[in-house]
Protein chains: 2
Amino acid sequence: MVNIGDVARAAGVARSTASYALSGKRSVSDEVRRRVAEVAAELGYTPNAGARALATSRAMVIGLLAQFLPDEFAPAMLQYIQGVANTARDLGYDILLSSDPDGPAALKRLTDSRMVDGVVLLNVAEDDERLPVLRAAPQPGALVGLPGDCTGVDVFDLDFEEAGRAMVEHLTALGHRELLLVSQPEHVIERGGAYVWRLQNAAVETAARRGAALHAVHAPSSQPAIGRDLHALLDAHPGATGLLLNNEAAAAALPTVLHERRLTAPADLSVVGRYSDEFARTFSLPFSSIESAPDRLGRMAVRQLVRRIEKELDDEAPHVVRFVAPELVDRGSTAPPRTR
Amino acid sequence: MVNIGDVARAAGVARSTASYALSGKRSVSDEVRRRVAEVAAELGYTPNAGARALATSRAMVIGLLAQFLPDEFAPAMLQYIQGVANTARDLGYDILLSSDPDGPAALKRLTDSRMVDGVVLLNVAEDDERLPVLRAAPQPGALVGLPGDCTGVDVFDLDFEEAGRAMVEHLTALGHRELLLVSQPEHVIERGGAYVWRLQNAAVETAARRGAALHAVHAPSSQPAIGRDLHALLDAHPGATGLLLNNEAAAAALPTVLHERRLTAPADLSVVGRYSDEFARTFSLPFSSIESAPDRLGRMAVRQLVRRIEKELDDEAPHVVRFVAPELVDRGSTAPPRTR
DNA sequence: ACCGATCGTCGAACCGGTTCGAGAACTCAA
DNA sequence: TTGAGTTCTCGAACCGGTTCGACGATCGGT
């Protein structure tokens with residue numbers, strides 16, 4: 001393999017000069033710069049990443065910690081991964097993907113070994129075990145998801161409170177008076193998925209303020225249990241005319257359930273979900289939904305992370321907690337209620 | 001950050017001795033080994049990955065090249081990624097994920113810079129542009145997907161020919177005489193997705209041998225176009241009683257289409273897909289399908305790759321091309337035909 | 001003609017590991 | 001008591017980059 005010494009020799013200069021010629025960090029005569037560049041291209045020189053990382057203490061790699069939990073809906077997670085990966089690439093960084101179920105251990109290894117210059121945590125829990133490890137690490141970190149304690153990290157998340165409010169207001173404004181809310185499985189909440197509560201509490205409160213009844217249930221995120229649960233829910237509340245979904249798997253399963261009950265939206269039931277447009281297109285979900293903007297959140301997280309890595313921010317620049325405002329994408333699945 | 005020199009000093013030995021004590025590559029007195037281990041734990045020593053990679057020319061990282069193409073169904077790809085990531089972790093390797101649309105360039109950079117010890121290519125095309133780059137690289141590579149030329153790489157794929165045969169034989173054995181096959185969009189084929197042809201040709205041939213008519217069409221992999229196409233297909237062939245799907249997006253959209261037409265499987269139409277069980281559960285698809293085994297393929301690829309990296313295989317041990325035998329998972333969506 | 005500043009280049013040191021060859025200390029047999 | 005063979009440890013070199021300080025040449029000013 002050709003190294004910078006080979007390039008220097010072939011160009012008839014010292015190693016250091018070749019380095020400066022390629023990096024431009026010191027002035028070099030045009031003549032030499034040209035010759036070095038030429039020789040480097042000719043020999044197919046590519047710097048050794050390990051050596052460069054060692055010398056500069058910059059790996060140009062961002063760690064991405066994603067956990068694929070059996071009770072989470074994996075396709076939704078993929079969109080965040082894509083957002084992060086694409087943005088990182090645009091900014092010149094590679095992505096080291098860890099799917100280790102033992103998040104704290106994986107994070108510690110990645111940061112201590114200096115394989116990564118910074119870390120993005122997905123699916124952050126209220127009391128995330130990875131956070132103490134991250135705070136102790138010398139590298140900066142950015143989160144997608146809101147933890148209880150945000151000190152020392154940059155945080156990005158959808159504004160789930162506002163999302164809950166918007167969903168309910170949309171339906172009550174149309175005249176609905178009995179609503180159903182399908183959340184993530186209780187298991188997700190126990191593990192600290194605070195966003196479930198954030199949306200639900202805001203929805204409950206808004207419904208109360210608008211004088212509507214709201215029944216909230218937790219549904220599993222796997223099949224076929226979720227189909228049964230949706231049926232049971234609709235059976236239990238025959239008077240409900242509006243359905244809110246904060247559970248991607250439930251949204252994916254709903255078309256079949258509606259079919260089995262011979263119901264259509266919005267004629268029989270108004271439906272509003274909370275998932276990304278990309279998700280809706282992939283699964284041809286015909287329901288209006290609050291955009292969860294995974295690509296945007298991924299991009300924001302990486303952008304901020306890179307700013308910290310590259311010290312554009314003062315070492316102790318205040319950390320940010322930034323919420324993306326929810327937007328309702330209208331796919332025509334809501335209308336004024338009709339008695340069933 | 002604590003390095004091996006700090007450990008050595010605290011333990012009162014030379015750097016080299018500390019290294020040997022930790023790696024066990026030379027005999028070291030019990031006394032010293034114990035003391036070094038103790039001190040290392042106490043100081044929280046973790047070896048610097050860049051330095052180690054430089055010294056050993058082993059990064060303990062595997063490159064994973066996945067392309068998220070707009071006309072491919074991303075959730076299906078995720079399953080391969082998970083299979084690869086989990087197996088790599090079990091074997092002590094980290095995963096560098098590249099989603100760069102310019103595959104050849106990304107691959108060249110990863111291998112030339114020695115960031116990775118080996119590479120897994122997903123979604124390999126008949127005439128994949130990444131292959132010449134991979135063959136020129138000093139690191140070994142494993143593919144998921146069958147290219148035209150397999151020299152110099154290890155290849156793993158589902159046996160799509162056998163899958164096509166099995167699907168058709170299953171339905172003809174039940175008495176079906178007019179079948180429909182929905183493949184991936186033509187765009188995928190043009191790009192070299194040979195698996196589409198492999199399954200289709202085998203299906204056509206088998207149908208002919210069994211005396212059945214088979215109409216093959218290509219459907220888009222995005223919404224809402226695919227729903228329209230499925231409707232058009234069923235309109236055009238009112239006598240068809242069996243539907244084969246080699247297109248995940250079509251499978252995901254089918255429940256809604258059947259609902260809209262007031263059809264049910266298998267009463268009105270027998271359906272057989274080609275996707276993983278995980279996929280079926282995630283989207284609650286009630287159709288029998290040929291298992292595409294992405295986790296298994298991912299695992300096989302990584303296993304073989306690691307064997308090559310660690311030279312358990314002779315440098316020129318013959319490369320393998322291994323097909324996974326298709327298995328039909330019965331979900332009760334097929335039955336003898338009934339005239340529509 | 002001389003002096004100081006600027007420019008371009010070089011050699012050496014460094015990042016943090018691993019590995020090789022050599023030497024000290026000790027064992028055991030002749 | 002000597003010599004051969006082990007066992008353990010050490011110093012030095014190396015992997016392939018980057019960066020610092022120094023030095024000679026060139027330039028402009030007086």
Side-chain angles (χ1 to χ4, degrees), chain A residues 1-37 39-40 43-61 109-117 138-139 310, chain B residues 1-37 39-40 43-61 109-117 138-139 310:
Chain A
M1 211 67 206
V2 38
N3 61 31
I4 201 172
D6 301 333
V7 173
R9 196 169 327 114
V13 298
R15 282 198 323 148
S16 52
T17 304
S19 176
Y20 286 126
L22 292 171
S23 71
K25 290 190 183 172
R26 269 200 193 177
S27 66
V28 165
S29 70
D30 283 353
E31 157 67 8
V32 166
R33 182 188 343 278
R34 209 185 36 68
R35 214 165 59 229
V36 169
V39 166
L43 299 181
Y45 166 71
T46 308
N48 179 302
R52 173 172 280 177
L54 181 56
T56 60
S57 22
R58 280 283 169 80
M60 298 307 285
V61 172
R109 198 174 52 77
L110 254 46
T111 52
D112 282 2
S113 70
R114 318 223 79 140
M115 292 183 90
V116 300
D117 302 324
Q139 296 97 333
E310 300 183 349
Chain B
M1 211 67 206
V2 38
N3 62 30
I4 202 173
D6 301 333
V7 172
R9 197 170 324 114
V13 298
R15 284 198 320 149
S16 53
T17 303
S19 176
Y20 286 126
L22 291 170
S23 72
K25 291 191 183 171
R26 269 196 192 178
S27 66
V28 164
S29 70
D30 285 353
E31 158 66 9
V32 166
R33 180 184 351 273
R34 210 184 35 68
R35 215 165 58 229
V36 169
V39 165
L43 299 182
Y45 166 71
T46 307
N48 179 302
R52 173 172 280 177
L54 181 56
T56 60
S57 27
R58 279 285 168 78
M60 298 307 286
V61 173
R109 199 173 51 77
L110 254 46
T111 53
D112 281 2
S113 70
R114 318 224 75 140
M115 293 185 90
V116 300
D117 302 323
Q139 295 98 334
E310 301 183 348

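Lettering of chains follows the sequences in order, A, B, ..., and the numbering in each one begins at 1.
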Could you tell me whether the side chain of A:Arg26 and the main chain of A:Tyr20 form a donor-acceptor pair under 3.5 Å? no

Whole Å only: how far is the CG atom of A:Leu54 from the P atom of C:dA13? 17 Å

In whole angstrom, give the distance that lies between atom CZ of B:Arg58 and atom C1' of C:dG16. 19 Å

Nearest nucleotide by nearest heavy atom, which residue falls closer to the 5' end of DNA chain D, A:Gly50 or A:Lys25? A:Gly50

Starting from P on C:dG17, measure out to CZ on A:Arg114 and report it in whole angstrom. 11 Å

Report the distance from atom OG of A:Ser23 to atom CZ of A:Arg52, rounding to the nearest 0.5 Å. 8.5 Å

Separation of A:Asp30 atom CG from C:dC7 atom P, in whole Å? 13 Å

Separation of D:dT19 P from A:Leu22 CG (nearest whole Å): 13 Å

So does A:Ala59 get a backbone contact from the side chain of A:Asp117, meaning a donor-acceptor N/O pair under 3.5 Å? yes

From CZ of B:Arg33 over to P of D:dT7, roughly how many Å is that when rounded to an integer? 13 Å

Report the nucleotide, chosen from C:dG17, D:dG17, D:dC8, that has the shortest atom-to-atom distance to any side-chain atom of A:Ala55. D:dG17

D:dC10 base to B:Tyr20 side chain: any donor-acceptor pair below 3.5 Å? no

Classify A:Thr56 by what it touches in the nucleic acid, base, sugar-phosphate, or nothing, heavy-atom distance under 4.0 Å. sugar-phosphate

Quick check: on DNA chain D, is the nucleotide nearest A:Pro47 upstream (toward 5') of the one nearest B:Val13, or the reverse? Name the residue that is more 5'. B:Val13

If I take atom OG1 from residue A:Thr46 and atom CE from residue A:Met1, how far apart are they, to the nearest 0.5 angstrom? 6.0 Å

Between atom CZ of A:Arg33 and atom OG of A:Ser27, what is the distance when rounded to the nearest 0.5 Å? 8.0 Å

Using only modelled atom types and a 3.5 angstrom limit, is any donor from either the side chain of A:Arg15 or the base of D:dG17 paired with an acceptor on the other? yes

On DNA chain C, more 5' by nearest nucleotide between B:Arg26 and B:Tyr45 is B:Tyr45

Selection from C:dG17, D:dG17, D:dC8 that lies nearest to any side-chain heavy atom of B:Ile4: C:dG17

Is B:Arg52 close enough to C:dT18 that one of its side-chain N or O atoms is under 4.0 Å from OP1 or OP2 there? yes

Under-4.0 Å side-chain N/O to phosphate OP1/OP2 contact, B:Asn48 with C:dG16: no

Nearest to the side chain of B:Ala14, which nucleotide is it out of D:dC10, C:dG16, C:dC15? D:dC10

Applying a 4.0 Å non-hydrogen cut-off, can you work out what B:Ser19 is touching in the nucleic acid: base, sugar-phosphate, or nothing? base

Expressed in angstrom and rounded to an integer, what is the separation of B:Asp6 atom CG from C:dC15 atom P? 11 Å

Gap between atoms CE and C1', on A:Met1 and D:dG16 respectively (whole Å): 12 Å

B:Asn48 vs B:Asn3, test: side-chain contact (heavy atoms from CB on, under 4.5 Å). Steps then yes/no. CA-CA 8 Å; B:Asn48 179 302; B:Asn3 62 30; over 6 Å; no

Please state whether the phosphate of C:dT19, meaning OP1 or OP2, lies under 4.0 angstrom from any side-chain nitrogen or oxygen of B:Ser16. no

